[in-house]
Amino acid sequence: MPLHNADIAAIFGEIADLLEIEDANPFRIRAYRRAAQVLGEFGRDLRQMLADGEDLTALPGIGNDLTAKIREIVVTGHCAQLDRLHGELPPAIAELLHIPGLGPKRVRALWHDLDVQTTEQLCRAARDGRIRVLPGFGEKTERRILEAAEVHLARERRFKLATAAQYAEGMVAYLRRVEGVERVEVAGSFRRMRETVGDLDILVIAAAGNAVTEAFVTYDEVREVLAQGNTRASVVLRCGLQVDLRVVAPESYGAALCYFTGSRAHNVALRRGAIAVGLKLNEYGVFRGDQRIAGETEESVYRVLGLAWIPPELREDRGEIEAARRGRLPHLVRREDLRGDLHAHTRATDGHNSLREMALAARDAGLEYLAITEHSRRLAMAHGLDAAGLARQIDEIERLNETLTGIRMLKGIEVDILEDGSLDLPDAILARLDVVVGAVHSRFDLPRTRQTERILRAMESRHFTLLAHPTGRVLDERDPYDVDMSRVIRRARERGCALELNAHPTRLDLLDTWCMAARDEGVPVAINSDAHSVRDFDNLRFGVGQARRGWLEAKDVLNTRPLAVLLAWLKC
DNA sequence: GCCGTTTTCGGCCCGACTGTTTTCAGTCG
């Protein structure tokens with residue numbers, strides 16, 4: 001049975017939910033949640049680690065008890081603790097906790113007093129007016145619960161980073177024009193460059209909070225006002241995106257920015273660190289007793305805690321605080337470090353622009369080289385090239401290079417990795433290319449072993465340069481295929497191949513945790529646009545954001561290398 | 001359930017908003 005780190009994380013997450021409903025020790029609940037987070041993001045295979053006799057208690061938040069439970073889950077496929085909870089509580093009740101407005105106390109009350117066990121039963125109880133009569137509930141609460149439950153049934157929606165960026169930019173521009181507003185910044189997961197965001201957190205410095213929250217809730221894209229006070233307000237835009245606004249004073253701006261950037265796990269760890277040195281940290285500043293000793297800037301907050309300023313993309317409580325304490329934070333790759341792009345298409349297949357137009361757009365985007373990597377013949381719907389078609393493009397690129405200045409075009413292909421792991425074009429034509437990008441575009445459903453062997457075999461080709469969008473996931477559309485990425489990364493190191501971090505907003509694949517694993521193995525990562533039009537080079541910034549979340553430095557990224565260095569790497 | 005420059009026991013982050021129980025519990029971020 002396939003059992004991944006995410007499966008174990010999900011079990012611990014459900015245990016936390018159910019324990020919460022049982023009103024268990026909140027710190028025990030927190031321990032399970034923390035373990036779920038750590039395991040869910042962990043880049044190596046827990047099964048393998050156990051098989052190798054490695055000590056899991058070295059992982060943060062994992063002690064003897066949880067190690068034993070992980071072992072139990074790996075060996076038996078079950079967790080007795082979770083089975084016990086399932087015996088005591090209705091099977092689907094944890095689901096109710098994920099409805100906004102419902103916490104453990106209310107879920108317990110609804111279950112005990114009304115026998116509500118599912119979201120559907122919750123909706124019925126609300127429509128029948130049975131909830132409002134419960135102690136602690138009222139009409140308004142009942143209505144809000146019904147609305148939230150209906151939204152939940154229609155499924156929670158997260159927005160892709162690039163989509164959220166469009167709404168964020170409009171809202172920020174609007175708020176900057178409001179009288180008395182000095183500064184506006186988007187915090188939250190958006191600032192941390194997460195691949196999707198659930199809502200936007202906007203931070204404002206302004207003299208009079210009332211005027212700002214009033215302007216905020218009357219923004220013309222607002223569909224619904226969820227809350228409105230002097231210092232904070234929440235709305236839902238017509239597109240369904242929730243936006244939270246906080247108004248802060250200048251002396252608290254850094255502390256508030258830090259606080260609302262999160263992540264929650266990072267904040268908790270920071271607070272713990274503050275307490276350890278006799279300080280108190282909140283969104284207004286860092287305090288010794290009643291005296292504020294920092295808070296105007298983020299740097300000041302981190303400094304008094306004995307830490308270097310931590311880039312937002314790292315703030316996930318994955319070791320960044322310890323690194324900041326020791327002065328060992330990575331010098332994260334920046335967009336301007338990228339000198340080239342190794343994955344792009346033209347009109348020859350499914351792109352929208354000519355070779356020359358793509359070249360000039362890449363140069364305008366500050367790049368020194370661009371590999372054209374059309375689809376291969378197997379991808380018929382994209383008009384994939386056969387050997388003859390590719391040969392014509394090779395000639396065309398060579399001719400174009402003679403006329404271009406400031407940009408060098410590289411000859412490439414995005415060749416399909418067929419089901420048996422062979423490549424979709426013969427060696428003879430691949431040998432004429434600078435860059436061979438291998439990609440899986442079919443049979444996403446292969447079992448883990450076969451999918452893994454398929455990719456490993458493709459990497460055996462001496463022409464293979466890098467693996468495109470390594471997990472195949474498409475946000476909101478397709479889950480990653482089942483592949484042992486640890487083995488892929490190890491083989492990439494042995495074969496001298498690279499992995500792509502596809503910067504397209506719907507992919508952002510390689511995932512951040514695998515970026516870390518690649519870095520640890522010394523496998524270079526190429527941040528590629530997969531551009532299909534001249535506008536798509538802008539997407540590189542999202543790829544860089546993801547790379548930064550994966551702790552990558554410029555030296556870890558293949559296409560930060562100057563052309564000559566890259567060409568030498570490609571030849572060896 | 002985890003963890004240790006204050007600890008192998010006793011801690012474990014903090015404030016705003018909402019609705020309702022008129023002094024606060026529940027939820028959220």
Side-chain angles (χ1 to χ4, degrees), chain A residues 12 15-16 19-21 23-39 56-70 79 81 96-110 131-145 148 187-190 192 197-203 209 213 225-234 242-248 252 255-256 258-287 305-306 317 321 325:
Chain A
F12 286 167
I15 289 176
L19 285 174
E20 203 162 18
I21 296 170
D23 200 21
N25 176 349
F27 301 107
R28 193 167 155 235
I29 295 163
R30 188 184 298 171
Y32 277 104
R33 289 215 192 286
R34 166 127 171 91
Q37 189 213 349
V38 166
L39 300 184
L56 298 188
T57 64
L59 291 172
I62 306 296
N64 289 328
D65 183 273
L66 289 178
T67 297
K69 285 194 170 70
I70 293 168
C79 176
Q81 164 88 332
L96 295 178
L97 278 183
H98 299 281
I99 296 171
L102 289 189
K105 304 284 193 303
R106 285 177 175 168
V107 167
R108 201 161 56 240
L110 290 163
I131 291 176
R132 65 183 73 178
V133 298
L134 297 181
F137 293 79
E139 260 185 66
K140 207 158 179 180
T141 302
E142 182 181 70
R143 192 168 67 244
R144 291 198 161 225
I145 287 174
S189 51
F190 182 84
R192 301 199 314 278
V197 300
D199 58 22
L200 289 177
D201 298 284
I202 298 184
L203 206 59
T213 55
V225 179
L226 299 176
Q228 183 184 3
N230 285 338
T231 61
R232 47 204 301 182
S234 293
Q242 181 171 330
V243 188
D244 299 331
L245 178 84
R246 338 268 169 165
V247 184
V248 300
S252 296
C258 184
Y259 184 84
F260 292 113
T261 296
S263 66
R264 193 178 303 196
H266 177 84
N267 287 349
V268 168
L270 275 188
R271 283 231 172 87
R272 218 169 25 231
I275 289 169
V277 292
L279 300 174
K280 186 177 81 162
L281 169 64
N282 60 26
E283 59 262 56
Y284 299 106
V286 185
F287 296 85
L305 299 177
D317 194 23
I321 292 176
R325 196 183 315 282

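Chain A is the first sequence line, chain B the second, and so forth, proteins listed ahead of strands; every chain is numbered from 1. Worth knowing before you read on, the calculation uses all heavy atoms, side chains too, and leaves out hydrogens, waters and symmetry mates.
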A.B. asks: Tabulate atom names and distances for all N/O pairs under 3.5 angstrom spanning the protein and nucleotides 5-9 of chain B.
C.D. replies:
none

A.B. asks: Identify the two heavy atoms, one from A:Ala36 and one from A:Phe12, that lie closest to each other, and give their separation to 0.1 Å.
C.D. replies: CB-CB, 4.1 Å

A.B. asks: Just to verify, what does A:Lys280 make a side chain to side chain donor-acceptor pair (under 3.5 Å) with, not counting sequence neighbours?
C.D. replies: none

A.B. asks: Roughly how many Å apart are B:dT8 and B:dC14, using the P atom of each and rounding to a whole number?
C.D. replies: 23 Å

A.B. asks: Toward the 5' end of DNA chain B, which comes first, A:Gly61 or A:Asn282, by nearest nucleotide?
C.D. replies: A:Gly61

A.B. asks: B:dC12 P sits how many Å from A:Leu281 CG, rounded?
C.D. replies: 15 Å

A.B. asks: Rounded to whole angstrom, note down the P distance from B:dA16 over to B:dC9.
C.D. replies: 38 Å

A.B. asks: Not counting sequence neighbours, which residues clear side chain to side chain donor-acceptor pair (under 3.5 Å) with A:Ser189? List them please.
C.D. replies: none

A.B. asks: Considering only atom C1', compute the distance from B:dT6 to B:dC12 and round it to an integer number of Å.
C.D. replies: 14 Å

A.B. asks: How many Å lie between OH on A:Tyr32 and P on B:dC2, as a whole number?
C.D. replies: 8 Å

A.B. asks: Nearest whole Å is fine: how far is B:dG1 P from A:Arg28 CZ?
C.D. replies: 4 Å

A.B. asks: Without decimals, in angstroms, what is the distance between A:Arg33 CZ and B:dG1 C1'?
C.D. replies: 14 Å

A.B. asks: At under 4.0 Å between heavy atoms, what does A:Leu270 touch on the DNA or RNA strands: base, sugar-phosphate, or nothing?
C.D. replies: nothing

A.B. asks: Given the C1' atoms of B:dT27 and B:dT20, what is the spacing between them in whole Å?
C.D. replies: 14 Å

A.B. asks: Within the 4.5 Å heavy-atom criterion, are A:Leu39 and A:Leu59 side-chain neighbours or not?
C.D. replies: yes

A.B. asks: Please identify each residue that fulfils salt bridge (Lys or Arg N to Asp or Glu O under 4.0 Å) with A:Asp199, with sequence neighbours left out.
C.D. replies: none

A.B. asks: Can you list every pair that meets side chain to side chain donor-acceptor pair (under 3.5 Å) and has a residue in residues 132-141 of chain A, with sequence neighbours left out?
C.D. replies: A:Arg132-A:Glu142

A.B. asks: Can you name the residues that form a side chain to side chain donor-acceptor pair (under 3.5 Å) with A:Glu283, not counting sequence neighbours?
C.D. replies: none

A.B. asks: Round to the nearest Å and state the distance from A:Lys140 atom NZ to B:dT21 atom C1'.
C.D. replies: 17 Å

A.B. asks: Taking side chain to side chain donor-acceptor pair (under 3.5 Å) as the definition, give me every residue that meets it alongside A:Thr67, ordered by chain and number, with sequence neighbours left out.
C.D. replies: none

A.B. asks: How long is the line joining CZ of A:Arg132 and C1' of B:dG19, in whole Å?
C.D. replies: 14 Å

A.B. asks: Please state how far atom CD1 in A:Ile15 lies from atom P in B:dG1, giving the value in whole angstrom units.
C.D. replies: 9 Å

A.B. asks: What is the distance, rounded to the nearest whole Å, between atom CD1 of A:Ile131 and atom P of B:dT20?
C.D. replies: 12 Å

A.B. asks: Report the base-pairing partner of B:dT27 (Watson-Crick or G-U wobble, both distances below 3.5 angstrom), or none.
C.D. replies: B:dA16

A.B. asks: With a 4.0 Å cutoff (strictly under), does any side-chain N or O of A:Thr141 reach OP1 or OP2 of B:dT20?
C.D. replies: yes

A.B. asks: Looking at A:Arg144, I'd like to know whether one of its side-chain N or O atoms comes within less than 4.0 Å of OP1 or OP2 on B:dG19.
C.D. replies: yes

A.B. asks: Summarise how protein sits on nucleotides 24-29 of chain B as a single string, 5' to 3': B when a protein heavy atom is under 4.0 Å from the base, S for sugar-phosphate-only contact, - for no contact.
C.D. replies: --SSSB

A.B. asks: Say you pick atom C1' in B:dG1 and the same atom in B:dT5; how far apart are they, in whole Å?
C.D. replies: 23 Å

A.B. asks: For A:Arg192, what residues pass the salt bridge (Lys or Arg N to Asp or Glu O under 4.0 Å) criterion, not counting sequence neighbours?
C.D. replies: A:Glu316

A.B. asks: Only one of A:Arg28, A:Arg30, A:Arg34 clears side chain to side chain contact (heavy atoms under 4.5 Å, CB included) with A:Tyr32; which?
C.D. replies: A:Arg28

